[in-house]
Every structure is written in C-alpha cells, then in structure tokens.
Amino acid sequence: MSKTTVALALLLTATSVLAASSGEVLQTYTAQAKKDNPSFKEFSAASGDKFYHAAVKHSSGKQISCAACHTDNPRNAGKHERTSKEILPLAPAANKARFTDAPTVEKWFKRNCQDVLERECSAREKGDFMTYVLSIK
C-alpha cells in the first residue's frame, strides 16, 4: 500500500468519525433533556415552531426572534439583522450541511441563544427547535 493510499484511508476514517448526522446531534440533546428532566419523552416540532417564531423582548427593548434573521420560512436564505450578512437556509431540506456537525451546532446555539434570549438554550429548546426545522420539507 502506498503512502498516499494510507493517508487517504486515514483521512476518510477520520472524516467519517467526525461526521455526524442530525439524528446523532438530536440524540445528544435527548440524553441531556432526559438527564435534566427524567419524565421527558420526546421533542415537539410544534414547540420548536413556536420557539422559532416567538418574539422575545431583548434588554435593548427591541423584539427579536430566530425568524428575524432566518425568515419565517427556514427553507429560505436569511440576512443577519445587524450586519446584513447573508445566512444560508436553516432547514436541512434546503441546506444539507445544517445540523450535521455537533461542535458547529453547539457554537451557533450558544451564540444565537445568547443574542436572542440573552441566555443559553436548554437541551429541550434545542431539541424542539431542531425537530421543527428537520420537519420542514
């Protein structure tokens, strides 16, 4: 076996280990939600929809929601409210890369929950949110 073949095989193995599916990311939130509340059963797309569209009064006095930047339809590209930077579609049906890399998912939940809610999101909120966005076809 050549060095190139070995290097390629190692790269493919590492990539498959690092890659996750949205289902695997969601399982992590399920485990955390059960740990937080032993009576937890399952996430709700309806609750995620409500969470996504809910306008929250920010400390600045301004009303903000997930939909403010991501649009009312997560299949559409959005635009950051302050920077006007384009945001790729949130729904995996329109953007296959969404919710497939656990560290990236956590990074964006941490940043966006702090921006919108001024706090971290719970595992339940993250799971409901993902369940809603994953349900969009």
Side-chain angles (χ1 to χ4, degrees):
M1 200 180 277
S2 74
K3 287 182 183 179
T4 304
T5 305
V6 170
L8 182 58
L10 288 173
L11 178 63
L12 290 173
T13 301
T15 302
S16 67
V17 168
L18 293 175
S21 69
S22 54
E24 291 168 326
V25 174
L26 201 53
Q27 285 176 353
T28 302
Y29 295 132
T30 300
Q32 185 61 49
K34 285 181 181 179
K35 183 178 176 186
D36 295 345
N37 178 2
S39 65
F40 170 79
K41 298 288 184 225
E42 63 185 18
F43 295 120
S44 162
S47 293
D49 182 2
K50 183 177 177 182
F51 182 82
Y52 180 82
H53 289 96
V56 177
K57 187 170 185 176
H58 207 262
S59 63
S60 66
K62 188 174 185 178
Q63 295 282 335
I64 191 166
S65 69
C66 302
C69 293
H70 291 283
T71 78
D72 282 335
N73 182 347
R75 290 182 55 88
N76 297 333
K79 183 168 45 170
H80 192 277
E81 192 172 70
R82 287 185 306 236
T83 66
S84 296
K85 180 181 174 185
E86 181 182 16
I87 301 171
L88 296 175
L90 189 59
N95 181 358
K96 302 251 186 270
R98 289 290 189 187
F99 302 105
T100 59
D101 178 66
T104 302
V105 171
E106 267 306 295
K107 171 187 135 181
W108 286 109
F109 269 130
K110 184 175 182 176
R111 184 177 296 175
N112 291 331
C113 291
Q114 189 61 46
D115 285 351
V116 174
L117 304 173
E118 298 181 315
R119 64 171 174 80
E120 286 189 35
C121 288
S122 68
R124 177 72 182 256
E125 290 167 327
K126 293 174 190 178
D128 286 344
F129 180 93
M130 277 188 67
T131 300
Y132 162 64
V133 174
L134 291 166
S135 74
I136 298 168
K137 302 298 177 205

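If you read the sequence from its start, that first residue is 1, and numbering goes on from there. A quick note: this is a predicted structure, and the numbers were derived from the prediction, not measured.
- Distance NE2/His80 to CD/Glu86: 13.5 Å, rounded to 0.5 Å.
- Taking the six-membered ring where tryptophan is involved, the planes of Tyr132 and Tyr52 are tilted, since the angle between them lies from 30° to 60°.
- In this structure the side chain of Thr100 never reaches within 4.5 angstrom of the side chain of Val25, judged on heavy atoms.
- Using a 4.5 Å cut-off on side-chain heavy atoms (C-beta onward), Cys66 and His53 make no contact.
- Rounded to the nearest 0.5 angstrom, Gln63 CD and Lys57 NZ are separated by 7.0 Å.
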Before giving the answer on salt bridge (Lys or Arg N to Asp or Glu O under 4.0 Å), spell out for Glu120 and Lys126 the whole-Å C-alpha distance, their side-chain angles and the decisive distance to 0.1 Å.
-> CA-CA 10 Å; Glu120 286 189 35; Lys126 293 174 190 178; 5.3 Å; no
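- Using a 4.5 Å heavy-atom cutoff, the side chains of His58 and Glu118 are in contact.
- Counting non-hydrogen atoms of neighbouring residues, nucleotides and ligands closer than 6.0 angstrom, the CZ atom of Arg82 reaches no more than 12 such neighbours.
- For the pair Ala33 and Ala123, the tightest heavy-atom approach, listed with the atom from each and the gap, is N-CB, 3.8 Å.
- In this structure, the side chains of Ser65 and Phe51 stay at 4.5 Å or more apart for every pair of heavy atoms.
- Listed by chain and number, the residues in a side chain to side chain donor-acceptor pair (under 3.5 Å) with Ser84 amount to none (sequence neighbours excluded).
- Here the CG-CG distance, from Leu134 to Leu90, works out to 9.5 Å after rounding to the nearest 0.5 Å.
- Listed here is the closest heavy atom pair of Asn112 and His70: ND2-NE2, 4.4 Å.
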Donor-acceptor pairs are to be reported for all side-chain atoms of residues 91-98 against protein atoms at under 3.5 Å, with residues two or more places apart or in another chain.
from  : atom 1 : to    : atom 2 : distance (Å)
Asn95 : OD1    : Ala97 : N      : 3.4
Asn95 : ND2    : Pro89 : O      : 3.1
Arg98 : NE     : Pro89 : O      : 2.9
Arg98 : NH2    : Leu88 : O      : 2.8

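- Ion pair Glu106/Arg111 not flagged as a salt bridge, since none of the NZ, NE, NH1 or NH2 atoms sits closer than 4.0 Å to an Asp/Glu carboxylate oxygen.
- Taking the six-membered ring for Trp and thresholds of 30 and 60 degrees, Phe109 and Phe99 have ring planes inclined between 30 and 60 degrees apart.
- What you find for Glu81 and Cys69 is that their closest heavy atoms are N-SG, 3.2 Å.
- A distance of 4.0 Å separates CZ of Phe43 from OG1 of Thr30, quoted to the nearest 0.5 Å.
- How far CD of Glu42 is from CZ of Arg124: 9.0 Å, rounded to the nearest 0.5 Å.
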CA sep, side-chain torsions, deciding dist, call: Asn73, Thr71, side-chain hydrogen bond (donor to acceptor under 3.5 Å, both in side chains) = CA-CA 5 Å; Asn73 182 347; Thr71 78; 5.7 Å; no
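- Of all the heavy atoms in Met130 and Ser22, the pair that sits closest is CE-O, 3.6 Å.
- Residues Arg75 and Ile136 share a closest heavy-atom pair of CG-CG2, 3.4 Å.
- Smallest separation of non-hydrogen atoms from Ala67 and Asp72: CB-OD1, 3.7 Å.
- Interatomic distance, Cys113 SG to Trp108 CH2, rounded to the nearest 0.5 Å: 12.5 Å.
- Both Tyr29 and Leu117 are members of a single hydrophobic cluster when ILVMFWY side chains are connected at heavy-atom separations under 4.5 Å.
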